[in-house]
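These notes are about the structure you will find just below.
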Amino acid sequence: MVRRNPERRRALLDAAIDVLAEEGARGLTFRAVDARAGVPTGTASNYFADRAQLLLQAGAHVHVRLTPTEEFMAQFSEAEPSREQTRAGMHDLLRRIRADRNGYLALLELRLEANRHPGIREELTRTIRDTMEDNVRLHLEGGFPGDRSTVVTLYLAMTGLFLESLTLPDVLGGDDLGALVDRMVDTIVPPN
């Protein structure tokens, strides 16, 4: 039986993300999710058909958690498209990733799990590709400087920054992450 309580489902997905981030994909079990969410044993299995569905829905939920706030998007869309607006967007993204470290680490775990499971790989690829293509479309339609390759290159640079800063922060030493974002934007995004 699949349950429909959206608040409970969200709590279970948040718990799954925390389990993924802290224990890895191998530690993601229904029992671990139930314990993390503080619900009776067997609850998660009432909401998700199997572990693969739990993984896929957790992956989709990570993207929801990492979505910019409505307030930021309203301010962002009202401003003139420019390199500076792109910089503001990248700083906001860095802020969101740092604020939800477990969310991004869970996404990294899902990527590793996708390497072993074709169904998960297909769905996660589709989700991430669609997100990137939405970003490319918004960039181009919004009149921001650069082209598709600008967005893809910036995406790759930012994901590299996230990977290092969240998993092995000592690799970057004392480098200021905000200053690194500024340099990436100045290097990748053409002036207006």
Side-chain angles (χ1 to χ4, degrees), residues 4-22 36-37 56-111 124 126-167 169 172 175-192:
R4 303 214 187 277
N5 179 333
E7 292 81 22
R8 174 70 55 95
R9 178 178 294 280
R10 189 170 33 258
L12 291 167
L13 290 171
D14 285 333
I17 288 167
D18 288 340
V19 170
L20 276 170
E22 295 167 13
R36 182 63 186 229
L56 290 172
Q57 290 186 36
H61 189 61
V62 166
H63 286 87
V64 170
R65 282 175 39 165
L66 295 175
T67 299
T69 64
E70 290 180 18
E71 295 82 17
F72 175 81
M73 287 308 295
Q75 291 174 353
F76 188 81
S77 62
E78 289 176 11
E80 187 71 27
S82 65
R83 180 193 270 176
E84 288 310 309
Q85 272 305 92
T86 303
R87 182 185 323 279
M90 295 305 100
H91 278 282
D92 182 66
L93 177 58
L94 176 63
R95 182 198 58 73
R96 286 182 278 128
I97 295 295
R98 292 174 86 181
D100 191 358
R101 182 177 188 270
N102 273 3
Y104 198 78
L105 291 175
L107 190 54
L108 293 175
E109 281 292 335
L110 283 167
R111 286 171 179 261
L124 189 60
R126 182 176 19 261
T127 299
I128 292 175
R129 184 181 54 235
D130 289 352
T131 299
M132 186 185 314
E133 292 305 325
D134 283 346
N135 288 332
V136 169
R137 181 183 52 74
L138 291 170
H139 184 88
L140 297 176
E141 289 176 0
F144 286 88
D147 55 13
R148 183 184 201 298
S149 67
T150 302
V151 178
V152 172
T153 305
L154 195 54
Y155 165 81
L156 294 171
M158 291 295 289
T159 56
L161 177 69
F162 302 152
L163 177 68
E164 295 304 333
S165 67
L166 294 178
T167 61
L172 298 176
D175 289 346
D176 178 88
L177 297 184
L180 289 171
V181 169
D182 288 340
R183 276 180 277 177
M184 286 189 294
V185 169
D186 288 342
T187 302
I188 297 167
V189 179
N192 304 28

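All values below come from the heavy atoms of this structure, side chains included, with hydrogens, waters and symmetry mates left out. Position 1 is the first residue of the sequence, and the numbers go up from there. Every value quoted in this text rests on a predicted model; they were computed, and no experiment measured them.
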I'd like to know whether Leu124 forms a side-chain contact (heavy atoms from CB on, under 4.5 Å) with Leu107, so could you lay out the CA-CA distance, the side-chain angles of the two residues, the decisive distance to 0.1 Å, and finally the verdict. CA-CA 9 Å; Leu124 189 60; Leu107 190 54; 4.1 Å; yes

Considering all heavy atoms, the nearest [X]-[Y] contact:
X	Y	answer
Pro145	Pro190	CB-O, 3.2 Å
Ser82	Asn192	CB-ND2, 2.8 Å
Leu177	Ser165	CD1-CB, 3.8 Å
Phe144	Thr86	CD2-OG1, 3.5 Å
Ser149	Thr153	O-OG1, 2.7 Å
Ala106	Ala21	N-CB, 4.1 Å

Test: [X] and [Y] ion pair at under 4.0 Å:
X	Y	result
Asp92	Arg96	yes
Arg183	Asp186	no
Arg36	Asp14	no

Within a strict 4.5 Å, meaning less than it, do heavy atoms of the Leu172 and Leu161 side chains meet?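 Yes, side chains in contact.
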
Out of curiosity, [X] [atom1] to [Y] [atom2], how far, rounded to the nearest 0.5 Å?
X	Y	atom1	atom2	value
Met158	Met90	CE	CE	5.5 Å
Leu13	Arg8	CG	CZ	12.5 Å
Glu84	His91	CD	NE2	8.5 Å
Phe162	Leu93	CZ	CG	3.5 Å
Arg65	Ile97	CZ	CD1	10.5 Å
Ile17	Leu105	CD1	CG	11.5 Å

Please say which of Leu156, Leu154, Val151 ends up in a side chain to side chain contact (heavy atoms under 4.5 Å, CB included) with Ile188.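 Exactly one option meets the side chain to side chain contact (heavy atoms under 4.5 Å, CB included) with Ile188, and it is Leu154.
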
Any chance you could lay out the side-chain contact (heavy atoms from CB on, under 4.5 Å) test for Arg83 and Arg87, step after step, and finish with the verdict? CA-CA 6 Å; Arg83 180 193 270 176; Arg87 182 185 323 279; 3.8 Å; yes

Go through it in stages, so that I can follow the logic: the residues are Tyr104 and Thr167, the test is side-chain contact (heavy atoms from CB on, under 4.5 Å), and I'd like the CA-CA distance, side-chain angles, deciding distance and then a yes or no. CA-CA 10 Å; Tyr104 198 78; Thr167 61; over 6 Å; no

Between the main-chain N or O of [Y] and the side-chain N or O of [X], is there a donor-acceptor pair closer than 3.5 Å?
X	Y	answer
Ser77	Ala74	yes
Arg101	Leu166	yes
Gln85	Phe76	yes
Asp134	Arg137	no

